[in-house]
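In what follows, every heavy atom counts, from backbone to side chain, and hydrogens, waters and symmetry copies are set aside. When a ligand or atom number is given, it counts from 1 through the structure's own listing order.
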Amino acid sequence: MEQRPRYSIVAPCFNEEAGLPELYRRVCEVMDQTDEPWELVLVDDGSHDRTALVMRELREQDPRVKVINFTRNFGHQIAVTAGLDYGRGDAVVIIDADLQDPPEVILQMIELWKQGYEVVYAVRKARKGESWFKEFTAKLFYRIIYRITDVDIPLDTGDFRLMDRKVVEAMKLMKERHRFIRGMTSWVGYRQTGVEYVREERFAGETHYPFRKMLKFAMDAITGFSYAPLQFATWLGFAIAGLSAVGALLVIYARLFMGSAPFYGQATTLVTVLFLGGVQLITLGTIGEYLGRIYDEVKGRPLYLVRDALGFDGTQPESEPELHHESVAVK
Ligand code: UDP
Ligand code: MG
């Protein structure tokens, strides 16, 4: 019978075949220093390269490597969720598989955890090898989120963090589909603290977060933790109504005291109507963003489907890993 691990390291992987052996090596190097049992939970998020095979090879070498294969690409946040569901450690660490989060930081996290902190998140002091655009949009994103959400999500933190078992169990009670894990771990409360680190360059391959996905991620974060866009529509309504009331008074004044009313032809009407049409469509779209998410929640589909989960209790069948050919990444 395998010893229950004290630490679970969870890494979501989408097309990470080139970096996985190095991730395993670095994690071993760090975690073996703790002299306590640990497991590395690799979640294959429907990769269409050899990620699944590489994971199995690692598992054959070392049974502390656990493998979860999804039936398709379900997206980064969902892959992390599966890792949290399956991992059994007293403390669970989420880490990116591309080695942008240096595993060495985990030791500092463990130290703080042993001092009684239940969430230890890693704050990005600097980022290496990322375009100014990514850096700028990321900074902007964290600041907007910080301002408009109802929970205090620490600035410049990614998913790289350690969580106590209590926190993981609390997270499992949160069933939402459009998951923003950084927000969720703040929402649960508990004693939290941060450690600073330098975000490294990707070890291999390219980012799976193009602008389109970043935007969707940002929308999930905002709609998941704030009503600000809806409230903004209300304020906009009041502002425009107020403005037109002033306009009406001006027109009355002009009619009464200035002889001819200052109307400037059709163009004014056209611009006003189009402006209001635009505002209405934007607010409708904002409602739509929330409505679509409500629809997703109501359907109550499972968050993810697992083809294989290897190494969690020994009862799972081990089918041949499948190479997906045409899955499209979701985020
Ligand atoms: N990832 C995933 N599913 C996806 C996209 C990404 O599991 O659909 C994983 C990816 O393998 C990596 C982590 O999520 O371990 C972060 O993704 P990435 O490095 O592409 O994002 P970035 O660091 O550029 O923001
Ligand atoms: Mg990355």
Inset, instruction - Provide the number and element of each atom of ligand 1 under 4.0 Å from a heavy atom of Ala97. - result: 15 (O)

Inset, instruction - Number the atoms of ligand 1 from 1 as they appear, then name those within less than 4.0 Å of a heavy atom of Glu16, with their elements. - result: 10 (C), 11 (O), 12 (C), 15 (O)

Inset, instruction - State plainly whether the residues Asp101 and Arg199 are in salt-bridge range, i.e. N to O under 4.0 Å. - result: yes

Inset, instruction - Would you check whether Ala79 has a nitrogen or oxygen atom less than 3.5 angstrom from a nitrogen or oxygen atom of ligand 1? - result: no

Inset, instruction - Is it possible for you to check whether Lys299 lies under 6.0 Å from the centre of the six-membered ring of Tyr295, through NZ or CZ, and within 45° of that ring's axis? - result: yes

Legend entry - Within 45° cone and under 6.0 Å: Arg88 NZ/CZ vs Tyr86 ring: no

Inset, instruction - Please indicate whether any nitrogen or oxygen in Asp45 is less than 3.5 Å from any nitrogen or oxygen in ligand 1. - result: yes

Inset, instruction - Measure Val43 to ligand 1 on non-hydrogen atoms and call it side chain, backbone, both or neither using the 4.0 Å cut-off. - result: neither

Inset, instruction - Starting at OG of Ser47, measure out to CD of Glu16 and round the result to the nearest 0.5 Å. - result: 7.5 Å

Inset, instruction - Kindly work out whether a path of hydrophobic side-chain contacts (I/L/V/M/F/W/Y, heavy atoms less than 4.5 Å apart) joins Leu215 to Leu140. - result: yes

Legend entry - Atom indices of ligand 1 within 4.0 angstrom of Asp96 heavy atoms, with elements: 13 (C), 15 (O), 16 (C), 23 (O)

Inset, instruction - Could you tell me whether Gly75 and ligand 1 have an N or O pair separated by under 3.5 Å? - result: no

Legend entry - 2.8 Å cut-off met by an N, O or S atom of Asp98 to the Mg ion (ligand 2): yes

Legend entry - Atom indices of ligand 1 within 4.0 angstrom of Cys13 heavy atoms, with elements: 7 (O), 11 (O)

Legend entry - Presence of salt bridge, Arg177 and Asp296, under 4.0 angstrom: no

Inset, instruction - Just let me know how Arg199 lines up against ligand 1, side chain, backbone, both or neither, with a heavy-atom cut-off below 4.0 Å. - result: side chain

Legend entry - Distance (rounded to the nearest 0.5 Å) between Ile110 CD1 and Arg6 CZ: 8.5 Å

